[in-house]
Amino acid sequence: MEDGHICRVCRCEGAADRPLFHPCICTGSIKWIHQECLLQWMRYSRKEYCELCGYRFSFTPIYSPDMPRRLPIKDVIGGLLGSVVTAVKYWFHYTIVALAWLGVVPLTACRIYRSLFTGSVDSVLMLPLDVLSIDNIPADIFHGCFVVTCTLLAFLGLIYLREQILHGGGPDWLEQDEPNQQQDARVVQLRRDEGQPAAPENNNVQDAVQNQNEAVAEPENAVEGIAGVGGGAVANDEANFNPIEWDRAGEEITWERLLGLDGSLVFLEHVFWVVSLNTLFILVFAFCPYHMGHFAVVGLGLREHVTASHFEGLVTTLCGYCVIGLCLVILRTLAAIFKFTRSKKVLGMCYVVVKVSLLSVVEVGVLPLVCGWWLDICSLAMFDATLRDRETSFRAAPGTSMFIHWFIGMVYVYYFATFVLLLREVLRPGVLWFLRNLNDPDFSPIQEMIHLPIIKHLRRLLVSVVIFGTAVLLMLYVPVKIIKFLLPGFLPYTVTQHSEAQFQVNELSLEFLLLQVIMPALMEHSHTRTWLKSTIRIWCRAVAWLLDIKSFLLGDEAEPRAGLEDQNEVALAGDLGALHHAIWQLHGILGLGAQPYKRPKFFAARIVCLLVLVAISFVVAAVLVLTIPVWLGRQVMGFWPVGPPGDAATSLNVPVHELYTAACGTYLLWLIGRFVSLVCSWLPQGRAAIMQRLWSWCIVGAKCAVAFMILIGVIPLLFGLLLELIVLVPLRVPLNQTPILWVWQDWVLGVLYTKIACAITMMGPDWALRRAIERTFRDGIMRMNLGLVLRELAAPVIGCLSLALAVPYVIAHSLAPLVVSSLHFRNIIVRRIYPFLLIVSLIFGLINFQIRQFSKLYEHIKNDKYLVGRRLVNYHHKSSLSE
């Protein structure tokens, strides 16, 4: 080694016991390094490659001189038995963990719940034997998972409610002593020192009063802070008592230790505590409210009405919670009269928990359910149904009917809230003052449930029901009546499936095509939100000009400020004005403040006219949405062969499901709107630019057409045919019948299979196919490299699928007849060759995997017994050896 070489880490020269190595491609002064320095750097950086050149370091093992050429059979068998014992130990431990968490916990929860609600003492006394019973174990485990989920959600809800109370404070009536004005001022000052706003700087007096009340809330924390600062205020134990400050767990544990995945048996203690907590939650939050509600329902004579609801347990439990809340109010009043401070606080906190729970059920459960039923009632004429039909379906499956209506109501509430947020971006801040702003960072529904009284919540709930119900009337009921009057033959919509098998096959294929191809493309590449926002803005400007309420509806534009004498002051004022304008725009988008406006004459009459125009616009828009896409889809789907092949008359007369017609019409309208918007954006650029754009789009369209035919056409078709021949044909077609391959259905199912395969590939390890898929998605449509797509993605996949389809076919139809003379045996080979070769391939793959695992085990045994150390390998070691 030449002199003057130094290590790039420790800056020392090489020695006989510490030689220098050049393990990577780097040259110059950073070429050399000691092995000890490199190992220390690798432990610190957790990298196995050079961070400069990216070359991976390599080490050669150094074995003991007495190592035999081949390991003895005794050592191999010993290492194999050790690995088997370790695997069996882990399998046994994980089996116990799975049985404990997925078997014991839900089974005990279900049977404890059932014994408590049986209503007899014998069931409680026989609970240990009932838990150990082996009858109906799968069903009890399934129901027990639901019970455990409910108890877990209740526990998490209590923890979240506790955090909310600690963060925002409890309601004002919960405080036992009113602080004086001096303490109020010191509390406000302390909150200002902590970085919290003491008072708002706006013109809304009510908001200022509310924020001021929030600023002086949490008297317990404030008293503690005052005592810590001044050192003179000392409160007694009752005043400092806070029932929500529970002690946290003393030991921080991980999920692996909690569930028992770390190999220890500590999780058995956690299983015992989970079973105990489940029993406690069932007893406190289900058993007691149910029986109190049962006594109240029987006492009020409402048992028949509750039974007729088909949800007797749920309704009775909710009645029980209402009775508990009323009892807590009475008990807290008595505690306040007799001056039981601690009891009054505990009862107040229990009332807050019951109040928030009931309001959450009403907001999340009852309101969407009412909206869903109202939507169904108002849309009966669309589907030629009656209330008796809905009553019959409800009596047949009450749980399913309630869930479907609740889900529909939740979707409606979500999209209504999204539309309101879109309106807030267009309208003047303060126009929608009667609707809560979900974008407000200070908006917290749990805090409102904690602080606001029940009467105000009921008033807001009534306003929400009126708004949602009126919107449904204007967008569904009235448009349906108008459509039936103007277009008598247009309704009802066709929503029933056909009974013929061929029709079901084609409709199933259409459904998969709709869900897997059309709707994802429409949702990912649509500009619906932008178009809807532009339409709303145009409508608002037209109505504002018509009614002369632009200042109220859209706000006034900012007037330019007068110039200042000094140029620096002018620039500074301009910067501050721009900043103020940006902040004001942000407040307007989020709806955080009300912008002032000018009131014209006859303002009330103008607002009434505005509401009338809004109602008329909703009705007209709903009529257009309910008719144009469906009509256009019906015209297009009239050419679709939905009947049996070869029967054109039947194909034209069979009605198509309106889901497909509406989706087809919507997609065509989106394509037309997208084309018109592109043309409108190109017109101001001139003829040359338009021609260049059209030429570039033609090139992109040609590339997309080729890629679409290959990636969406050929590959899914091959994939669907392969799975049809491997799985479906051997299972559903007997040997004495000839299978018929539906190419259209195979292609549609192949689209679904291809999407699943792509998802699995993206979740798997890094290899060539995954990199090709990632690059295709990253490039997108406009930057698509068609050559790379065809070469790196399409060619390998098509080659593998084609070989998988062609090789068994050649073996069955060309080679087998040369050897086998029996026609029956040939038929068996033709029908079973595809699954047989798949099984053989899987067996060979498993054998290869086991061989590689055994090689790793062999190396592991050899390294454990004879490995002395590892030596760093230089970069040019292979070339030097070859020379």
Side-chain angles (χ1 to χ4, degrees), residues 1-64 67 79 83 254 256 262 758-779 783 785 787-789 791-793 795-797 845 848-883:
M1 184 177 296
E2 298 180 2
D3 297 337
H5 295 159
I6 60 175
C7 175
R8 64 180 178 184
V9 175
C10 64
R11 316 303 294 176
C12 297
E13 297 181 353
D17 55 342
R18 295 184 66 205
L20 291 173
F21 297 89
H22 50 93
C24 61
I25 310 178
C26 296
T27 58
S29 60
I30 60 174
K31 177 179 180 180
W32 305 96
I33 193 172
H34 293 113
Q35 180 173 343
E36 295 81 4
C37 298
L38 179 61
L39 292 176
Q40 184 177 2
W41 178 84
M42 291 174 64
R43 284 194 298 269
Y44 176 76
S45 63
R46 297 181 180 178
K47 295 180 180 179
E48 297 181 356
Y49 55 88
C50 179
E51 62 180 1
L52 299 178
C53 63
Y55 185 79
R56 184 176 295 275
F57 303 117
S58 59
F59 295 85
T60 180
I62 302 175
Y63 294 102
S64 177
M67 184 188 72
S83 300
T254 59
E256 289 79 8
D262 60 342
C758 290
I760 295 175
T761 304
M762 297 301 292
M763 293 186 297
D766 187 14
W767 59 304
L769 184 60
R770 178 181 175 180
R771 291 193 295 270
I773 295 174
E774 288 179 348
R775 181 169 182 176
T776 303
F777 276 100
R778 186 173 60 251
D779 292 344
R783 298 181 300 170
N785 191 337
L788 291 177
V789 170
R791 185 172 60 253
E792 297 181 2
L793 180 59
V797 176
N848 186 23
F849 175 75
Q850 294 298 332
I851 291 174
R852 287 189 281 115
Q853 292 298 113
F854 184 78
S855 301
K856 291 181 181 179
L857 177 62
Y858 185 86
E859 292 292 331
H860 180 70
I861 296 171
K862 183 174 67 174
N863 292 338
D864 285 345
K865 196 171 184 64
Y866 299 104
L867 184 64
V868 177
R870 296 181 183 272
R871 185 180 182 85
L872 188 62
V873 179
N874 291 326
Y875 174 66
H876 297 292
H877 69 287
K878 293 184 180 180
S879 60
S880 60
L881 289 177
S882 62
E883 291 175 359

### Task
Please name the pair of heavy atoms, one in I6 and one in E13, separated by the smallest distance, quoted to 0.1 Å.
CG2-CG, 3.8 Å
### Task
Indicate the atoms forming the closest heavy-atom contact of L793 with V797, along with that distance.
O-CG2, 3.2 Å
### Message
Check this for me: does any side-chain nitrogen of one of E859 and K862 sit under 4.0 Å from a carboxylate oxygen of the other?
### Response
yes
#### Entry: R775 CZ to E792 CD distance, which is reported to the nearest 0.5 Å
6.0 Å
### Task
Please list, chain by chain and in numerical order, all residues satisfying side chain to side chain contact (heavy atoms under 4.5 Å, CB included) with T60, sequence neighbours excluded.
R871, V873
### Query
Counting only heavy atoms not in Y49, do more than 12 fall under 6.0 Å of its OH?
no
### Message
Using 0.5 Å steps for rounding, measure from the CZ atom of F57 to the SG atom of C50.
### Response
4.5 Å
### Query
In Å, rounded to the nearest 0.5 Å, how long is the span from CG of N785 to CZ of R791?
7.0 Å
### Considering all heavy atoms, the nearest Q35-L872 contact
OE1-N, 3.4 Å
### Summary
Sequence neighbours excluded, the answer for side chain to side chain contact (heavy atoms under 4.5 Å, CB included) partners of T761 is W767, L769, R770, I773
### Query
To the nearest 0.5 Å, how far apart are CD in E774 and CG in D766?
6.5 Å
### Task
Enter the distance from R783:CZ to R778:CZ here, rounded to the nearest 0.5 Å.
8.5 Å
### Query
Partners of R18 by side chain to side chain donor-acceptor pair (under 3.5 Å), sequence neighbours excluded?
H34
### Message
Which residues pass the side chain to side chain contact (heavy atoms under 4.5 Å, CB included) test with P796, not counting sequence neighbours?
### Response
none
### Query
Say you draw a straight line from CG of N848 to CD1 of I851; how long is it, rounded to the nearest 0.5 Å?
6.0 Å
### Task
Could you tell me whether the side chain of H860 reaches within less than 4.5 Å of the side chain of S83, counting heavy atoms only?
no
### Task
Heavy atoms only: give me the nearest C26-L52 pair and the separation to one decimal.
SG-CB, 4.0 Å
### Task
Over 60° means perpendicular and under 30° means parallel, so classify the ring planes of W32 and H5, tilted if in between.
parallel
### Task
May I ask you to test the R870-N863 pair for a side-chain heavy-atom distance under 4.5 Å?
yes
### side chain to side chain contact (heavy atoms under 4.5 Å, CB included) partners of I25, counting only residues at least two apart
C53, Y55, Y875
### Query
With distance as the sole test, does N874 use its side chain to make a donor-acceptor pair with the main-chain N or O of F21 at under 3.5 Å?
no
Return a table of donor-acceptor pairs under 3.5 angstrom between the side chains of residues 37-48 and protein atoms on other chains or two or more places apart.
unit_1 : atom_1 : unit_2 : atom_2 : d
S45    : OG     : W41    : O      : 2.8
E48    : OE1    : R56    : NH1    : 3.0

